Amino acid sequence: MQPKDPTARKPNSPAGNGNTDQPSKKSSNSESEGSVISSRQSASIIASTMIGVGVLTLPRVAVHGTNQSGWIGIVIGTAIAMLMTWVISRLGGRFGGQSIVGYGAELLAPPRLKWIGKVLVFPFLLLLLVYWGWASALVARLFGEVVSTTMLPTTPVEVIIVTMLVAGLFMTMYAVEVMARVNEIMLPLIVVPILIIAVSSFQSGRLENLFPLFDLDWKMVMTSSFIMTSTMLGFEVMLLFSANVQQSPHLIRSNMIGVSIPGLLYLLIAIAGISVFGYEELQLLAWPTLELVKTTEVPGLILERLESAFLAVWVTAVFTTLANFYYATALIIKQMFKFSSHRWISVILLPVLYWLAMRPDNLYQLFATQNIIGNMGMVAGLGIPLFFGLVGVLRRGKSEKG
Amino acid sequence: MMKASFFQILKSKLTSGRKKRMKAHMSQRLKTKLDHMGEVQLPETLAEALKLVENALKTSNDMVVREFYLGKDSPKRAAVLFIDGLSDTQLTDDFILKAGMFETTLHDNMQAAEDELRRLGIPINDLKVGKTLKDVVNTVLTGDAAVLIDGVPRVLQLNAKGWIQRGIEEASTESVVRGPRDSFTETIRTNTAMIRRRLKDPNLCVESMKVGRRSLTDISIMYLEDIADPKLVEEVKRRIDGIDIDAVLESGYIEQFIEDHHISPFPIIQNTERPDKAVANILEGRVVVVCDGTPFVLIAPSVFAQFYQSPEDYYERFLIGTLIRFIRIISMGMALLLPSLYIAFSSFHPEMIPSRLVIAMAAGRSTVPFPSIIEAFLMEVTMEILREASVRLPGPIGPTIGIVGALVVGQAAVQAGIVSPIMVIIVALTTIGSFASPSYSAAIALRMLRFPMMIAASLFGLYGIMLLLILIIVHLCSLKSFGVPYLSPMTPMDINANKDTLIRAPLQWMFRRPAPFNPQDPIRVGDSSVQIDKEGETSNATKGSDGQETK
């Protein structure tokens, strides 16, 4: 029963939202698939990429160095992330329809010598590519470690990593538009349970654990903010996806909200962790947020010992982070080397990511690698937007003069 | 191809060989016998014409050919042809034969003036004049009467349809407590009339098409011209036009040919047998496809949210409508998740179950020789068999088998120690839950997905359930129905349309039609609709009286 007209099968789009749909054949060769991401979806992508594995270790990382005032680092980290997101959104707005691959080359190219820009931007793209790929592998590994130690003790960690990566692969098989929708619909599924856990764990918190409020020196605050910013990474995927975002006056505002959602959540969790355990005890816990869940009792609930339920919900948070990074990796390779499709790239990436995920031998090495990746992410997430933002300002000045 | 999903690529790879072979056929629509008949002009003499028709319909013993003399003054030889059983014999006797023999006067040169033929004294309102053999055969086969006149190379096509049809009955798959009781029947005209009766709008379009080379099934595409997106209407028509199949026996054939995604458990196009539901959907800017021979009409495009919405939600007051909608969502979740949650909790996370319950569960399961996945599969498959069997069984035995199956087998299985009592409760809840969905096809999707869900739960516990749920959500996000994202208006978010998604807001608040369907006329509830203030008087009235006072 083959159709007479093969194009009759194509999901054509007579009734899409404004310009969300593009002719499918054209988009394959051009860099972007059109403006398919609404500003709300853009905010969702930022927020759900940021909320990831970091949630579980967050209170411990937060008190590192700043003791009971660890939450200050989160506030500053969120502010930095917001600043960077603002820069990225402005860049994306200025070069509508282009990602870092396109406008990076354009910004760095001297007049009439476009290829120099392409060469110059290459190391930056490579950094992003390696960071995103490695980060998604590490997210899978960290997740696998947590699940296999707490939830499924008899399941090998490899199986969990593979299933998670395959789930990520499944999402990368679809268009950017689908990824945006997945993020939009999953964000509430991520935020609401974590919010409930964070708020309800305050019941066993003690206020005195938070005092004295400002007993710290500036050096410490700086280090802490730096570390906290690295846990807030994820917004930098918009360097790539901004090519597909519909430009609207609300875009920057909603992106800011997108950053502030994880900021607020992290702040709540960190304060809850510090007030329940105190900073000294926190430093001894491997997964402090999980311990936080264990102390929480929701009265009247049928279920006891909520940590498995929390982890189950947390799967969605990890999935969006992993899959978005995975998607970004495949997409940036596609755009860098002008491939026609990112799908085969992501299939080929799967074993690579698995290999990267399995490289650390133990939890200690894993955390060490996480630090390296965190630093790399800081360069990618702070350095690249700042650098290109600066170049953008300079070149705009020049072009106005000229 | 680039935008196609992984599965579509896979599918195209797998079927490419077949496609090549099919290409010869695909390049041109298959020609039917009827098409050839269309090239045959009718001869002048009646005898020749009759010979042609009888040759074309050689072994149709149910065709009646009655020759008679047409006209009371200067009679001419003529013949009426119809199929016994499809045409109303009373009508052909009284208004064709009787009128033709005794009351009609013939014009002299009818051959020249086709108009004269149209004004012939035959008191039947729907009259057409054809020229070819195809017209004759078509007329006869659709149940109309054809009149051939000697010396005139034309055929009179007279509406004489009158076969036995089922009366309008209550909807059997979508019954409601409050709301109209009538449902569509198998006759397309009755169905379109039922829609038209509820929508006396001159903008309501009924466009007819014929699908199926052999069945020549009548299809009507109904929409509101000033609301429905013209691109959508065009797309629906284009896709239906592209169907080249020998016969269309039910609207399901059309659904499967025009849907966007073939490999998906979720129904991309909604069907209904309720005229009120069809009309409500037309009013939202959708297109309804009515197909002859089935009481199920198609609604395109559809979104996921529609599958837990019932027309009754709108007839009851909004709080009740919203609450009932919540109940339905919960029950659909139950239908999908309960058995797998049982498996996950009992074999992976027993620590999450409260200690007293876990003891009771363990005591119930102590005699069960199987792991919980086998136990659950056994019961769920049995339940599916029971359900299927009770559909097939003759009417009065159906409920009996339900009782036998559910009570006797369930009770006996527990006593025999094959399944635990909790499992029986879960199976019962799952089954009831899956019946709460107003859409049968959506309920089937959940019924189907329950089994992979159980396997995922038996492999990875809660993690497996979440993982599969995520995959399902990603899949749902990737679906589109005629360009409308399947999960809209939840994503892409549309606040206004969300007033009628999870909740059902008061009708006064839903003043705009849902935007995902691109309605041309977005306003549903006008500003001037009467607002009732607290004293129970209409504000318009108070305004009026105020006005009078100031005068």
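For the numbers below, each heavy atom of this structure counts, side chains included, while hydrogens, waters and symmetry mates do not. We name chains A, B, ... by the order of the sequence lines, and we start the count at 1 in each one. Just so it is clear, the model here is predicted, and its values are computed rather than measured.
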Of the backbone (N, CA, C, O) and the side chain (C-beta and beyond), which part of Leu311(A) lies under 4.5 Å from a heavy atom of chain B, both, or neither? neither
Phe319(A) vs Phe170(A), ring-ring contact (aromatic ring centres under 6.0 Å, His included): CA-CA, chis, key distance, verdict: CA-CA 11 Å; Phe319(A) 172 79; Phe170(A) 183 70; 8.8 Å; no
Which bit of Phe460(B) comes within less than 4.5 Å of chain A, counting heavy atoms only: side chain, backbone, both or neither? both
Between Ser42(A) and Asn255(A), is any side-chain donor less than 3.5 angstrom from a side-chain acceptor? yes
Using non-hydrogen atoms only, which part of Ile353(B) is less than 4.5 Å away from chain A: side chain, backbone, both, or neither? backbone
Below 4.5 Å from any heavy atom of chain B, which atoms of Met179(A) appear? Answer side chain, backbone, both or neither. neither
Can you say whether Thr163(A) sits under 4.5 Å from chain B via the side chain, the backbone, both, or neither, judging by heavy atoms? both
Assess the side chains of Ser302(B) and Gln270(B): does a donor N or O sit below 3.5 Å from an acceptor N or O? no
Let me know if Thr316(A) has heavy atoms under 4.5 Å from chain B in its side chain, its backbone, both or neither. both
Interface moiety of Leu479(B) toward chain A, non-hydrogen atoms closer than 4.5 Å: backbone
Please lay out, stage by stage, how Arg239(B) and Asp260(B) fare under the test side chain to side chain contact (heavy atoms under 4.5 Å, CB included). CA-CA 10 Å; Arg239(B) 289 191 193 183; Asp260(B) 301 67; 3.3 Å; yes
Measure distances from Ala309(A) to the heavy atoms of chain B and classify the residue's part below 4.5 Å as side chain, backbone, both or neither. both
Pairing donors with acceptors under 3.5 angstrom, does anything connect the side chains of Ser99(A) and Gln335(A)? yes
Under the salt bridge (charged side-chain N to carboxylate O under 4.0 Å, His left out) criterion, do Arg181(A) and Glu184(A) qualify, and how do the steps go? CA-CA 5 Å; Arg181(A) 277 190 233 134; Glu184(A) 186 177 18; over 6 Å; no
